[in-house]
Protein chains: 2
Amino acid sequence: MIENNETIPESNDSIDRLIHEPARLKIILYLYVVESADFVYLLRQTGLTKGNLSAHLQKLEHNGYVEITKEFLNRIPRTLISLTERGKTAFEEYRVVIKEMLNY
Amino acid sequence: MIENNETIPESNDSIDRLIHEPARLKIILYLYVVESADFVYLLRQTGLTKGNLSAHLQKLEHNGYVEITKEFLNRIPRTLISLTERGKTAFEEYRVVIKEMLNY
DNA sequence: TCAAACAAGTTTGTAATGCAAACCGGTTTG
DNA sequence: CAAACCGGTTTGCATTACAAACTTGTTTGA
């Protein structure tokens, strides 16, 4: 039923939860400076477990924030990950939002 | 079932998830400037639903970040919420951590 | 007068999420 | 040629955020 005259929550939450999640924030921070990294590198840098990293990367990929390409480097698979333009922009916007919130 | 989490110091320089959650971050931001607010005020300011606000406040209270006192103002209940010293410190530390992270 | 509406929260049910263990296909090693 | 190893992915589980439903008490109004 329709009800309740409570304040309508502002749908404009503005914090991008996809980036906000600490594990993904870490990932993005690395990608932002490196421009391209492979799975193993991120694994070491972030300290996440493999499963965890894999899941987060897939989430980022599904949202178009990162691009994942797989290649073989003399028979060994190699997964390259890079921030897309969209991901880069989203991160920059996220940073602005947080900065304003915490005002510094 | 594992219980208890009293006073686990956020020792490491990792992100304090209790503050990091957007809904609670909002709450804390208001409390940080206002020093004391009532439930209804926070409700309007944050745009959260009542249930949601209630749950988050309880979580903050259980971790000693806020103090909740209930009083009656001519028969009407009034819930006052304020940041504790611990909460204030935690927030300031959180801000430093985020700042460092995003200010590479 | 008393029931219906309202106000201020709390509790409950559920869907989404993060996490690590288990798994998998291929490769190297002993 | 089996066992260990690598680079990931999938699965199962515990936690969480969220809003609906409920609760307790007060005001309104017919």
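Proteins get letters first, then strands, A, B, ... in listed order; numbering begins at 1 in each.
Residue B/His56 places no side-chain N or O under 4.0 Å from the OP1 or OP2 atom of D/dT16.
Inter-residue side-chain proximity for B/Asp38 and B/Ile81 is flagged as unmet; no heavy-atom pair is nearer than 4.5 Å.
Atoms NE2 (A/His20) and P (C/dT17) sit 14 Å apart, rounded to a whole Å. Note: NZ (B/Lys59) to C1' (C/dT10) measures 15 Å, nearest angstrom. Residue A/Leu53 contributes atom CG, which lies 15 Å from atom P of C/dA21 at whole-angstrom precision. Atom NE2 in B/His62 sits about 13 Å away from atom P in D/dT16, given to the nearest Å. Taking atom CG of residue A/Leu48 and atom C1' of nucleotide C/dT17, one finds them 15 Å apart after rounding to whole Å. As a whole-Å value, the separation of B/Arg17 CZ from D/dT16 P is 9 Å. A straight line from CG of B/Leu43 to P of D/dA19 spans 11 Å, rounded to a whole angstrom. Distance B/Ile68 CD1 to C/dG9 P: 10 Å, rounded to the nearest Å.
With respect to the salt-bridge test (charged N to carboxylate O, under 4.0 angstrom), the residues B/Lys99 and B/Glu92 do not qualify. The pair B/Lys88-B/Glu93 does not count as a salt bridge, with every side-chain nitrogen at least 4.0 angstrom from each carboxylate oxygen. The residues A/Glu21 and B/Arg17 are annotated as salt-bridged, a charged nitrogen and a carboxylate oxygen being separated by less than 4.0 angstrom.
Not a single donor-acceptor pair under 3.5 Å links the side chain of B/His20 to the backbone N or O of B/Tyr94. Formation of a donor-acceptor pair under 3.5 Å by the A/Asp16 side chain with backbone atoms of A/Leu18 is found in this model.
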Query raised in the report: Where along nucleotides 2-11 of chain D does protein come under 4.0 Å, by heavy atom, of base (B) or sugar-phosphate alone (S), with - for untouched nucleotides?
Result: -----BBBB-

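In this structure, the nucleotide among D/dT16, C/dG18, D/dC18 sitting nearest to the side chain of B/Ala23 is D/dC18.
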